[in-house]
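Right, one structure below, let's go through it.
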Amino acid sequence: MKHLNIEQKRPRIAVFDFTGCEGCELQLANKEETLGAFLDAIEVINYREVSSEKGDNYDVALIDGAITRPDEIERLKAIREKAKVLVAMGSCACFGGVTKLKNAYNLDEANREVYGDCPKETIPTMAVGDVVTVDLKLPGCPVSKDEVERVVQHLVWDLPLPTYAYPVCLQCKQRYTVCRFDMGELCLGPITRAGCNAPCPAGGLGCWGCRGPAENPNYEEFFALAKEKGFSEQEVKDRLAFFGGFEDVL
Amino acid sequence: MCPLPLRSYDVRLESEMNQPLDFNRLLRLKPVAKVFKSEITGVIRLTEMEKLFHIRIIDDAERERFSFLPGQFVMLEVPGYGEVPISISSSPSNKGYIELCIRKAGTVTNALHRAHRGAKVGIRGPFGTNFPLERMEGQSILLIAGGLGLAPLRAPIFHVTENRSDFRDVHILYGTKDPDQLLFDYQYEEWRRIDDVNIQVIVEQANDSWKGPVGLITKLLDNVTIDPNGTYAIVCGPPVMFKFVCGQLSQMGIPMDRMFVSLERRMHCGMGKCCRCNVGDTYTCTDGPVFDYWSVINLKEAI
Amino acid sequence: MTTSGKNTKKINLNVDVHHLTRVEGHGNIRVRVVDGKVTEARWDIVETPRFFEVMLKGKHYTAAGILTARICGICSIGHCLASVRASEAAFGVTIPEAAAKLRLLAKHGETMQSHFLHLFFLAAPDFLGLTSAIPLKDLNPEVFGIAARLKKLANDICDLVAGRTTHPVSLQVGGVAKMPDRHALLEIRDRLERSVPDLTATVELFKTLEIPEFVRETEFVALKGENDYPFIGGRLVSTDGVERDESEYLAMTNEYVDKNNTSKWAKLSRESLAVGALARLNNNYDFLNDQAKAVAVELGLAPVCHAPLMNNVAQLVECVHVVYDSIRLIDELVDSGNAETMAPVKPKAGRGVGAVEVPRGILYHDYEYGDDGRVVRANCVIPTTQNNANIHYDMHALAEQFACEGMTDERLELLCSMLVRAYDPCISCSVH
Amino acid sequence: MLFKILSKDGFRSLVEIILQSNEIIAPKKIGTKADGDPIHQFLPVTSFEEMDLDYRTTEYSAKTYFLPYRENLCTFDFEADDWEQKIAYRMQPRAIIGLRAFDINALTKLDKVFSKGRFPSPYYISRRKNTFIVGIDREPLEDEFCQSIGADIVTHGFDLFMTDLGDRYFVAVDSDRGFNLLNRVDVREVTDEDTQAYKEVRKRIQNGFKTKINLSNLPNLLDLEFTSEVWKKWGDKCLSCGSCAMVCPTCYCYGVSEEVSMDFKEGARVKQLYSCNLLDFARVAGGHNFRPDQETRLKYRYYHQHRGFLEDYDEPKCVGCNRCGRVCLAGISPAAVIRDLYEENV
Ligand SMILES: Cc1cc2nc3c(=O)[nH]c(=O)nc-3n(C[C@H](O)[C@H](O)[C@H](O)COP(=O)(O)OP(=O)(O)OC[C@H]3O[C@@H](n4cnc5c(N)ncnc54)[C@H](O)[C@@H]3O)c2cc1C
Ligand code: SF4
Ligand code: SF4
Ligand code: SF4
């Protein structure tokens, strides 16, 4: 593809993981049908989970995981200095993710409970954006490989990067699924940003909001409808807090 | 029992197509999806944000068949990036190629701005309504543009200047924010020299080198005297401009159905299908983009 | 080639790996050999702790599986299964038969995807002298193609049954949310059958790899098969002859905190124990299907095998088992038609334990619920946690065995790294 | 139109004949809602037993078989600095069985948009012409207002249309291919007794429509009430999720975007159904949004349904199935909104 006389530039990509399950990193090695082409389009500089190569001459840093220890702050800042583009990949990096749930508990007690009198260092969970400037956010738990591919295409060719202003419901409907509310379950689909292709409702689980809020969501109506369908305030709150994306309305 | 009672219909066979659903001939089906492969034969940098592209349909027969009227637009396809509606900015009498003046605004237009001569793009169209210039023959014409509005206005300007004797007084009024944003500044002189074409340019904010008038475009209208019953106006520019300019024209006595504007909306098809440009019952792409001002003010939420 | 004491020349070695690559999570290796004597040989986990057990407190039972799936991106299905199993045990729910089959199928998908990922992308490069599997794409496109196809098949099974490859959505307390489309199941079955040549090629490839010889006697812990090779629930067994009920898992793990590690350590009859593919196979060899047994024989793996690096081979044998077992499961599922897949769930106060054989070994979730269906107390014991001490002691033995003439820092570093990778540790998991 | 009487066994063999070499889409029961109602969807079936013609309604209409939620309009092959465009819109023939009258009327409305006029859509036409349609009369649901719209009776747009007379079907035949197919199974001519029975069934169905909305003068009213507070009242509830448009049998707005394969060798122009209630429906480059708030977007939807479409095609776009009303989580239903407009309830 050279029809606009633009030369292809292979972005030099480094992947760094912080506190998380590394599921997002694993996604990068998934979507096998295009994996070869994906690896051809980029130059992998640093990707600890699948490669022993190490370097720091990268343009793009893909960050997954949240920040939960002081040394991670330093590491992240050093990465920010080197990276031209810093992408927060996954809900942990974008919002803090499930790891952020721990902030609701007393960390000293938590430590004592898990490690007895050998406590480990830990600080309240932060999103990557709380520590450094983030150029691009790709929320999702886990991140969608399709979206990562689109980012790479964007970086290589400046191809359009889809932005999903609308909520999950649209994609859910386009998968011909039965609405979870009809099944008597709670679903955050109406206020959550689309782009995941609604795997949860399609798989029989209401949306838990891992992608954070859609553009300008109608919270008021959503709360009213959740209440009308018989869900307690606690239930709705628990769910909004789950992935850390809805802090603004909690 | 023998299987397959259902017959497969091939829409490409003409005989089938005249059956129950009564649709058109094979040729008609083509431009719906097929793009005319074209080549960028020249790029002229106009300002920081705008470039003029000369575009030529590669296939000889397709090029021969392609014709348009001033005010119409094409869907310009950059494969891989997307398709955007762009007004044709050149003279309709120009057979070999068209000119498109494009502002850097998003993905597709950015990509175009990086393209060089020789790059291949696609064209569908032309689409939409045109300025009814034949109706204006023998009358005076006000051609008014603000900002990027000069791009669509250029086609009628070409038509009028090329057929100068068909019209009475001709005024071209053009305004932008500042002198750096003036489009086609190299052509004003040429237009000015054409017999009896009155061209005035104004900017909202002057810089050191600017010698001309300063202010809003409506200010230029003060210098124009017209015979309201023998005058048509064509106004192109951002929607806010319509209200002021057309309002003033109205006060000058020009009937609203003799003022024509070109509307802009989001578009994805150009064929009155995607509904993105729809305003109530009106499709900007097929019923417009050229509307008389009376229709516009009757169109709810149009401007 | 046993060594140590008898060295003619005193040798000094120094290995320091800060964040071992091609494993999931963060761990460090440190080995010092001074004058031919191993003075230090450590395997330390430095992963950031996440406190999942604390975060579980107060969570509704419907959230527990979704939350704990996030303990690990690779074995999320296993975590989810252990979690819903623990909840079901606490509430006394029996899941429908079709749901049990679907869960096992999802489990098989995960076993395959994890094992193939490990074999091709994490372990194989060491044997081929590469730093990663990425160059394979150009050096040996055939192998890369096989790896990609097998992994894709595994992922698609997870996708179809669990709703998503990573972090399942359909595995819920009470069963599985829905029966997958019949046509989709049959298509997967077809692909499983067609994957046999790829499997055979993989076995051939592994036959050519030279596995460093290293043996240390170990106690292997796994689920105990009754009629089948075990994956989900059942009694617990060890090669040293210990046998326990699922709910007595604490007696089987004996976790304790080591000051240098964010992950805990575990022990049973000896100073450490091992879980994983090799442990499963050592305890349940007889339940492997014939095809898998044939491959085990071909690759020289027989129980009880005490060579930790043979875990790679055990994984491959399991892959073969799982491929054929998935075909059987799909046949049964298709026959069962539109069978019920969800049992009604009534939460009540109580405690339950779920044990599941995830790719890296046996995983336990243990929840105590209040009347409101919310977790009061939770405990999760992760396979890598159980393996860490064993890796640590293995490291010492390995260093002793190889601290002989001709050994270089680089070579020892590679051997140590291969040892750790053979366990396929899932570190973020172990520090949950 | 021709009428025939088809025995129930005859219908079964008809379905089986079609199934021998074609795909059939029909209502299929896929589960039960929390409130006990069965859930039906138009899905491919492989046997007569799989279909459930006793269905009441489907959450989704069958439009996706004509206007898929996502389809490739064309593909591009990139080669050095050039490209080749490929267009494919041929479709295998198939049958849809069990469409109700209003769903067929919805198709004839779509025909007006996509098969006629200056720019017929080959993608749509190919699907439409290659689909054999067997309709069926069913008793309406309480909230359907098809009758008010005049979409409860269907006169064309199908191949066969069946009314269940208990032990036999009364069949209207509207196409040559339908006629030929019928002749291969057990049919007979209509007797007076059949006609009588048919009329009775029809009457029962007619009387089953309980929701009535006043549509007289609605286009005019919409103009008059352009600034009405009613729009704000309902607009504030709208979740801007687009569910209504996705289930509606006639909503057809779409967006087009382009996708490139990861090896940069191929591209595709993808059409995706969109909804006018979505936030960025009318947003243009530079960020200007012609309909930035829920209120104006919701209003536009009603405008298009009941005024704009009417002006262009002489009938409203809506067929009164109330699928949108049922699917809307915020509880916005056409009957309520239109009633409010008439009564100026704010
Ligand atoms: C009838 C008509 C004539 C036009 N003539 C010109 C012209 O002569 N010169 C010029 O520079 N611009 C013109 N425009 C505006 C031009 O179409 C937009 O600037 C362009 O679509 C932006 O696309 P993008 O991909 O660069 O931006 P993005 O923001 O990336 O847009 C994404 C998509 O949204 C749609 N879209 C966004 N903005 C517009 C818009 N303003 N109008 C229609 N669709 C839009 C397009 O489908 C586009 O592909 C015209 C618009 C219309 C409707
Ligand atoms: S299941 Fe959720 S996402 Fe889907 S339509 Fe219902 S509310 Fe929206
Ligand atoms: S449906 Fe919701 S929870 Fe599921 S992936 Fe999408 S945004 Fe995340
Ligand atoms: S009632 Fe709603 S869904 Fe049905 S046709 Fe009318 S607008 Fe569409």
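Every chain is numbered from 1 and lettered A, B, ... according to where its sequence line falls, protein lines coming before strand lines.
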- prompt: With a 4.5 Å limit on heavy-atom distance, are the side chains of C:T166 and A:K145 in contact?
  reply: no
statement: All heavy atoms of A:P199 vs all of C:R164, minimum pair found to be CG-NH1, 3.6 Å
- prompt: Do C:H60 and A:E235 have side-chain heavy atoms sitting under 4.5 Å apart?
  reply: no
message: Taking the side chain as everything from C-beta on, heavy atoms only, tell me whether C:N155 gets closer than 4.5 Å to A:E32.
response: yes
Proximity breakdown for C:A63 and chain A, heavy-atom pairs closer than 4.5 Å: both
- request: Determine the minimum heavy-atom distance between A:C200 and C:V169, stating which atoms define it.
  value: SG-CG1, 3.5 Å
- line: dist A:W208:CH2 -> C:T62:OG1 (nearest 0.5 Å) comes out at 4.5 Å
- prompt: Counting N and O atoms only, with roles assigned by atom type, does the side chain of C:E53 sit under 3.5 Å from a partner on the main chain of A:A110, one being a donor and the other an acceptor?
  reply: no
Atom pair SG/CZ of A:C92 and C:R70 - distance to nearest 0.5 Å: 9.0 Å
- prompt: Distance from C:F51 atom CZ to A:N103 atom CG, nearest 0.5 Å?
  reply: 11.5 Å
task: Determine whether A:N111 and C:V54 make a side-chain contact, defined as any pair of heavy atoms from C-beta on separated by less than 4.5 Å.
output: no
message: Regarding C:K137 and A:D40, does a basic nitrogen lie under 4.0 Å from an acidic carboxylate oxygen?
response: yes
query: Is the shortest heavy-atom distance from the side chain of C:R374 to the side chain of A:Q234 under 4.5 Å?
result: yes
query: Do A:E22 and C:C426 come close enough that some side-chain heavy atom pair is under 4.5 Å?
result: no
- request: Could you check if a side-chain atom of C:F52 sits within less than 4.5 angstrom of a side-chain atom of A:V98, using non-hydrogen atoms only?
  value: yes
message: I want to check something: taking the side chain as every heavy atom from C-beta on, are A:L205 and C:I66 in contact at a cut-off of under 4.5 Å?
response: yes
task: Classify the side-chain pair C:K151/A:N30 by whether it contains a donor and acceptor separated by less than 3.5 Å.
output: yes
